Visitor: 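Sharing a structure below in structure tokens format, with a few things to ask.
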2 protein chains.
Amino acid sequence: MGSGNAGPQNGQSLQHGVGLQTSTGRGGTARRPLDRKTILHEAVRFIDENGRDKLTMRRLGSELGVEAMALYRYVPGREQLLDGVVEVVMKELNDSSGAADTFDSWQEYLQQIAHAVRGMATAHPKIFPLVASRPPAAPWLRPPLRSLQWVESFLEGLDYYGFGKDASVVIYRAFSTFLLGHLLLESAMSLPGTPEMGAEDDIEVYETNDLTAYPRTLELKPQLAREEFDEEFEDALEDLIDRIALSRT
Amino acid sequence: MGSGNAGPQNGQSLQHGVGLQTSTGRGGTARRPLDRKTILHEAVRFIDENGRDKLTMRRLGSELGVEAMALYRYVPGREQLLDGVVEVVMKELNDSSGAADTFDSWQEYLQQIAHAVRGMATAHPKIFPLVASRPPAAPWLRPPLRSLQWVESFLEGLDYYGFGKDASVVIYRAFSTFLLGHLLLESAMSLPGTPEMGAEDDIEVYETNDLTAYPRTLELKPQLAREEFDEEFEDALEDLIDRIALSRT
DNA sequence: ACCTGAACACCGTTCAAGT
DNA sequence: ACCTGAACACCGTTCAAGT
């Protein structure tokens, strides 16, 4: 093991050949126009792949074939860039939701809404926490349902199915917390898990957290470990819809 | 105060502690022992006050009266420091929960549990998102209920009140998503809100997001804006407990 | 034993300057 | 009009050196 090696091994696996852009070759130079939309979409792609913390003005620039400073012409700063990322996925969500009047019942409508939001969360598990926790533009917009357009369309749908105004507000709130809880949990659980141990001595051990001090947890570990997010989501969604139906009187 | 001697004492076991102790440092006491616990508690205090993004190894060090590098003797790095912060507040939560057998019914027991977790979230609104979204140590621990000790004690309580193993797992999961949804929402909404506009000309305006394109949202804005988190939490908690009662058969 | 100085490889952001 | 070089004030982290 460590001979007097002076070379510092940094624990990062960065620097694998990325750049295929940067002019060179390709007779046409093919410089993308580089507008705000291009930047935001690249940012979404990058976070999907590498996670929020790896997104850096400099790295995003190089991914687009420009220096970081060029981005400031289109985006005021890193924070607003992240806001823009949230905007992009919310727009995807808006576009993926069907019109209210294409369903046979309000139950089906709400089901479809919920599934559309879940689709966004599972398509972008590393972005969903941003949707969930960035401060909303208006204080009465609740994460993760935080776009005016989305809320307007939702209220429209509820109106179409005959829900009154008070009921609509209650439903919007119940939906928000329901979706936030389930989807954030699902996003969080789908992510890597703490990347410990850089040393290459031990490999095993790990999995066993020494649960001997926690007998009940140990006993239930197999059941706790079997996650059925699909089923859990569907069951809880049905529950929620049933409760709404009951309160409709 | 003394100072009969003239001339600067050179060498000498420097107890001086004079000097740069930045602002918030307690004036009097000389050098704190600086162990892991001290560091973690200071980190909690700092995030409570300034938020996660402002917490920096260098700033935390200066808050404790040392250079940043001194922290690395007690904490492996910034990420693990944040993990430690989560540990600290989870320990507070464990200590604040009463023993299961001090309640008259399982309903009361669950109520108390839920309120204890909510207490943690509202005491540390800037830390709760960390509790909610850091990858859990074991993949079958769900945020925000992510400490082995907590889960063990919870399972113990459910056992005490006669819940079977399967029911306990179901309840643990339902509780997780319930608490995650409600408390994360509450934390997120209690935070500053996007700090736009640095100009000091107008104050008003702002509030009106030009909702003319969103008539239904505009109409419901007053009701949407009136947040009653207490009531909402209590109502939803009762609902959850009622559902558990029903499934108990 | 515990802490610091100095150094390295990064950051976000600004601004004058290039084309 | 759009981009870059250079610079500034920060970061996390390592390591040899101080006491």
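On a predicted model such as this, the values are computed, not experimentally measured, just so you know. Letters go in sequence order (proteins before strands), and every chain restarts at 1.
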Visitor: Does any pair with a residue in residues 136-155 of chain B pass salt bridge (charged side-chain N to carboxylate O under 4.0 Å, His left out), and if so which ones, sequence neighbours excluded?
Guide: A:Glu227-B:Arg142, A:Glu232-B:Arg142
Visitor: Of the listed nucleotides (C:dG5, D:dT4, C:dC3), which one gets closest to any side-chain atom of B:Met69?
Guide: C:dG5
Visitor: To the nearest 0.5 Å, how far apart are CZ in B:Phe175 and CD1 in B:Ile113?
Guide: 7.0 Å
Visitor: Would you please name every residue forming a salt bridge (Lys or Arg N to Asp or Glu O under 4.0 Å) with A:Glu79, sequence neighbours left out?
Guide: A:Arg134
Visitor: Go through the structure and list residues passing salt bridge (Lys or Arg N to Asp or Glu O under 4.0 Å) with A:Glu49, not counting sequence neighbours.
Guide: A:Arg45
Visitor: Anything under 3.5 Å between a protein N or O and an N or O of nucleotides 8-12 of chain D, put it in a table, one pair a line.
Guide:
residue: D:dC11; atom: OP1; partner: B:Arg59; partner atom: NH1; Å: 3.1
residue: D:dC11; atom: OP1; partner: B:Arg59; partner atom: NH2; Å: 3.3
residue: D:dC11; atom: O5'; partner: B:Thr56; partner atom: OG1; Å: 3.3
residue: D:dC11; atom: O3'; partner: B:Thr56; partner atom: OG1; Å: 3.3
residue: D:dG12; atom: OP1; partner: B:Thr56; partner atom: OG1; Å: 3.3
residue: D:dG12; atom: OP1; partner: B:Met57; partner atom: N; Å: 3.0
residue: D:dG12; atom: OP2; partner: B:Met57; partner atom: N; Å: 3.0
residue: D:dG12; atom: OP2; partner: B:Arg58; partner atom: N; Å: 3.4
residue: D:dG12; atom: N7; partner: B:Arg58; partner atom: NH1; Å: 2.4
residue: D:dG12; atom: O6; partner: B:Arg58; partner atom: NH1; Å: 3.1

Visitor: Checking B:Tyr74 side chain against B:Thr38 main chain: does a donor-acceptor pair fall under 3.5 Å?
Guide: no
Visitor: Can you tell me how far C1' of D:dT4 sits from CG of A:Leu34, to the nearest Å?
Guide: 13 Å
Visitor: If the condition is ring-ring contact (aromatic ring centres under 6.0 Å, His included), which residues does B:Phe178 pass it with, not counting sequence neighbours?
Guide: B:His182, B:Phe233
Visitor: Dot-bracket, DNA chain C: Watson-Crick or G-U, under 3.5 angstrom, [ ] crossing, | other strand?
Guide: ||.|||||...|||||.||
Visitor: Round to the nearest Å and state the distance from B:Glu67 atom CD to C:dT4 atom P.
Guide: 5 Å
Visitor: Check the pair B:Asp230 / B:Arg118 against salt bridge (charged side-chain N to carboxylate O under 4.0 Å, His left out), numbers first and verdict last.
Guide: CA-CA 10 Å; B:Asp230 279 17; B:Arg118 186 165 185 242; 2.8 Å; yes
Visitor: If you assign B:Arg73 and A:Arg73 each to the DNA chain D nucleotide with the nearest heavy atom, which residue ends up on the more 5' nucleotide?
Guide: A:Arg73
Visitor: Might you work through the salt bridge (charged side-chain N to carboxylate O under 4.0 Å, His left out) test for B:Glu42 and B:Arg59, ending with a clear yes or no?
Guide: CA-CA 11 Å; B:Glu42 181 59 24; B:Arg59 269 201 276 252; over 6 Å; no
Visitor: At less than 4.0 Å, is any side-chain N or O atom of B:Tyr74 found next to OP1 or OP2 of C:dA1? Yes or no.
Guide: no
Visitor: Mind calculating the distance between CG (B:Leu60) and C1' (D:dT13) to the nearest angstrom?
Guide: 15 Å
